[in-house]
Structure formats: C-alpha cells, structure tokens
Amino acid sequence: MKKTKGHPKGLYLLFVTEMWERFSYYGMRALFMLYMVQALLFDKGTASSIYGSYTGLVYLTPLIGGYIADRYWGNRRSIIIGSLTMAMGQFLLFLSACYFREVTIAEYLMFCGLGLLILGNGFFKPNISTMVGRLYADDDPRKDSAFTIFYMGVNVGSTFAPLICGLIGNTGRPEDFKWGFLAACIGMLLGAAIFKIFKNKYICDPEGHAVGVAPTPIRKTEDTDTGKENSINHRRTIQMITGVVLLTLLFSFNKTGECGNWFSDADWIGSIIYATTIIIPLFIITDKSLTHVEKLRIGVIYIIAFFVIFFWAAYEQAGASLTFFADEQTDRHIGNWEMPAAYFQSFNPIMLVTLAPLFAAFWSFLGKKGIEPSSPRKQAIGLFLLSMGYLLIAFGVKGIMPGVKVSMLWLTGLYLIHTMGELCLAPIGLSLVYKLSPLRFSSLLMGVWYLSTSAANKFAGMLSSFYPENGISKTFMGYRIENLYDFFMLFVIMSGTAAVILFLLSGKLQKMMKGVE
Ligand code: GLN
C-alpha cells in the first residue's frame, strides 16, 4: 500500500468545502437571534426557543442524510444536494429579511428557510465527515490527524463567519440583516461549486478509485465489511418511525402529567430529539446483517456518543449562559475600548485553529514514543479539560456579589481550556466513528454521532435556564444553585464525573474495539 508523508489533496478539498459550509452556518447563526428580536420584533423568550429548536434539529437530520446516502445516493450526491438545499434556505432568509416589515410574509419565508437549512445540513454534515476517512486505507495512521485538519476547516469558517456576516448584517439598521444572510448564501454556493468542480479529480481512495459514489460497500476490509448491504428496509424503517412517534408521545404526555421532571419538561421538539436518540441507535445495532464483532464496535460508538452529550451540553453554554456572563459580569475594557460580549464567540475558533497543528504534532510525538492515549482516553481527557475550564471560572466568581464584574482573563482561560478539550474530543471522535463503523453503515452512524450533539444542544438550553438571576435559587436534580459559583460547579461535577467514568471504562472499550468482550 502506498503511503505518502503529507495528506491526499482530497482532504484539502473537503477542508475548503466544509469551511464554506460552516461559514454559512455560523454566519447565519450569528445574526439569527438578533434578526428575530430587532427586525421581526419577537420577544427574547420566543426567539430563544426558535433558536434552540433550530440548533437541535439541525443535528437531528444527519440521521436521515446518513441513511439516504448509505442506501441510495452515496456521499457525493448527498453533499451537493445538501449544499444546494442550504443555499436555498439562506436565500429564503435573505428574502425574509428583505420583507421584514411585512411580518407575516417574513415569518413564513423564515420558517421555510429554516426547514431547508435543517434538511440540507442533514444531507451535508455526516457525508462530508465520512468522506474524510474514505480517502485513506483502513490501516492508515494519518486518520486522526486528517480529521484534525478537517476540523480546522470547520473552525476557519466559524472564525470568519460572525465577523463578515456580522459586519455587513449587524449594523444596527434592521434593513441590513439581509446582506448578512446573502453572504451566508453566497458562501454556501461557493463551497458547493468548489466541491462540484474538483470532486472527480481529488476525491479518491489511495488506489485512485472514486469514493462516495456508490452507496453499496466499495471495498472489503478484513473483519468489518463482508460486502453485505445493511438490512434497514422499508419494514424496519416504518418500525423505527413508529417507535420514535410513540416514545415522543410518551415524553410529551409526561409533560402534562403531575410529576414533570427535567427530562419530561422538554417541549415537543425536545421530545422528538430524545426519543430519536433512544430508538434509532437500538434499531441500528439490532440489524440482522451485523456480525458480533461489528456490534461490539458499534457499541463503543454508542457508549462514547452518550458521554459526549455531557461535553457538548456544557460546551454549548458558550452561546447561552456564558454569553450572559460575558455581557453582565465580565469587565470587557481594553484601554478605553469596551469589547462587545459577542466577540467572545470568536475566541474558541481562533484558539482552535492556532492549537490544532500543535495537537496533531503532539499526538504523533506521543505515538512515536508509543505512549499516545487510546481514542476513548482522549475523549475522557477532553471531558476532564472541560470540567477544569469550569473549575477555573468557578474560582473566579467565588464570593462575588451579583453585578460585580470580573476580569475577562477568567473567561479567556475557560475558553482556552475548553478548546484544548475540544481538540482531544471532537476530531478524534469523528475519526473513531469512521474507523469503528462497518462501511455500509458509516454515514448513518456518523448521523448517530451528531445525534448526541442534537440532544446536547437541547439539554444545553435547559441547563442554561438555571443561570442564577436576582438571588432566586433554583434546583437541578436535587442540586441547589444560588449563585454563579454553584452554577459553574454544576458543570464541573457533570463533566468531571463523565470524564472519570469514561476513563475507567476506556480499557474495556479498547477491548471491544478489537472485537473482544
Ligand atoms: N464546531 C463543530 C462544528 O460546527 C461542532 C460539531 C459538533 O459535533 N458539536 O462542526
């Protein structure tokens, strides 16, 4: 097998395509809340709940996109259809913002646009991630660093998106939002065009065969792929959907019952997300075409995906409670200039792009010495670092009175530690899912991986509502939150516990990855 030192050119094509897609996604996201509140004059509660549902659903549809790619379309066609659907969604948001004074029309266009963005992301996201792995031979050790480079593409896009779309769309004049949405639309079209033009030349496996064209397995591996098709047929699809509907009804029914709790207090969209998170993985792992070894390896994906929910739920506080904290309790003065609170959102992607090459080099240095941690351990380290970021800020706010502002070094330190955690967890997670998935299920299982982000986004919104306000104490599962210290310690405990359990399980998970019970 031919191994080169650098990476295949196809990786850089996927990097650029993903970069433009994330530019489009995060550019729109930076403006969306402001558009609803400042142009459509929605109240903050309604806007937050629409925002939460959007960010939850956008990571739910990769299941559908993964399913269709694995069975019918293949990755390439799914990526192009997904890109064009998202570009249309952004264009409808542009039109919505053109007619923002006609609220009924603007709302209608906005919801149609959101629907297209949610659907399009489902076709795009799992498929582009899977294609990264397909550029390499099964035993190629460069996969972790390939996914780290790809993840840099995500973050280059997310660094520039709020700056460019924010600059032209968030001017303080509601009639300018449309330009931000148009920039997001153009970014998406650019990504689609670049992918379409260069895909045939560069997206191929080490032997030069085009990848992502046929939905059926295109190559066999030693013990994972036996050339079979997955047997999720129409009958099983109907069973899966029925299962999701029934469980959704059960969760929503509980909501109106006497003994509501944090789980059943979820809204309809939350109920669909949580029901899907439980039902679909169950159906996949009971697929008749799976061998025992494949089931064990898929089991590892599920266990890690479960722990990862706690990572993203705490991490996604960046757009929620940590933004309130930046706004209300952080001294953002640099000399005479007061930095806008929203700028903190760019800290993470900038730090990530800077640190990613160092991490890739660090892993390969440890690899050469034979002491590189296993992938499950890296996930546990990621969770642990997340917990440490919250511990740092918990000490920063210990004993301060409401309204007192603390130095922005605390929040900067938190983002730095969280970024390091993300680098241990997110790209390595993508690589792990790819490596452990039987080829005929690879995009669908990538969808399951993103399902944990969907559940986490919904969970994050709920956790953010425990942000302490005006001395009112709140209780989460018996844990009393009276002040900011208690609030941040909740995340220390949550992610710290998840890190320790995952670390203890990592030996067992490693055995399961090798097909040993
Ligand atoms: N920042 C990542 C992205 O936008 C987060 C993905 C995830 O799984 N939560 O792709």
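In this chain, residues are counted from 1 in sequence order. Remember, it's 1-based here, ligands and their atoms both numbered in the order they're listed.
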Drop me the distance from L383's CG to F503's CZ, to the nearest 0.5 angstrom. 12.5 Å
Could I get the full list of side chain to side chain contact (heavy atoms under 4.5 Å, CB included) partners for F344, not counting sequence neighbours? A326, T330, R332, M339, F347, M408, L411, T412, Y415
If the condition is side chain to side chain donor-acceptor pair (under 3.5 Å), which residues does T148 pass it with, not counting sequence neighbours? none
Contact residues of ligand 1 with a heavy-atom cut-off of under 4.0 Å? R22, Y26, Y59, K125, Y151, V154, W312, Y450, T453
Taking only distance into account, with no hydrogens and no angle test, what donor-acceptor pairs under 3.5 Å do side-chain atoms of residues 178-192 form with protein atoms, sequence neighbours excluded?
residue, atom, partner, partner atom, Å
K178, NZ, E175, O, 2.7

Would you call the rings of Y390 and F491 parallel, tilted or perpendicular, taking 30° and 60° as the class edges? parallel
Given side chains that start at C-beta, do those of F147 and Y434 come closer than 4.5 Å, heavy atoms only? yes
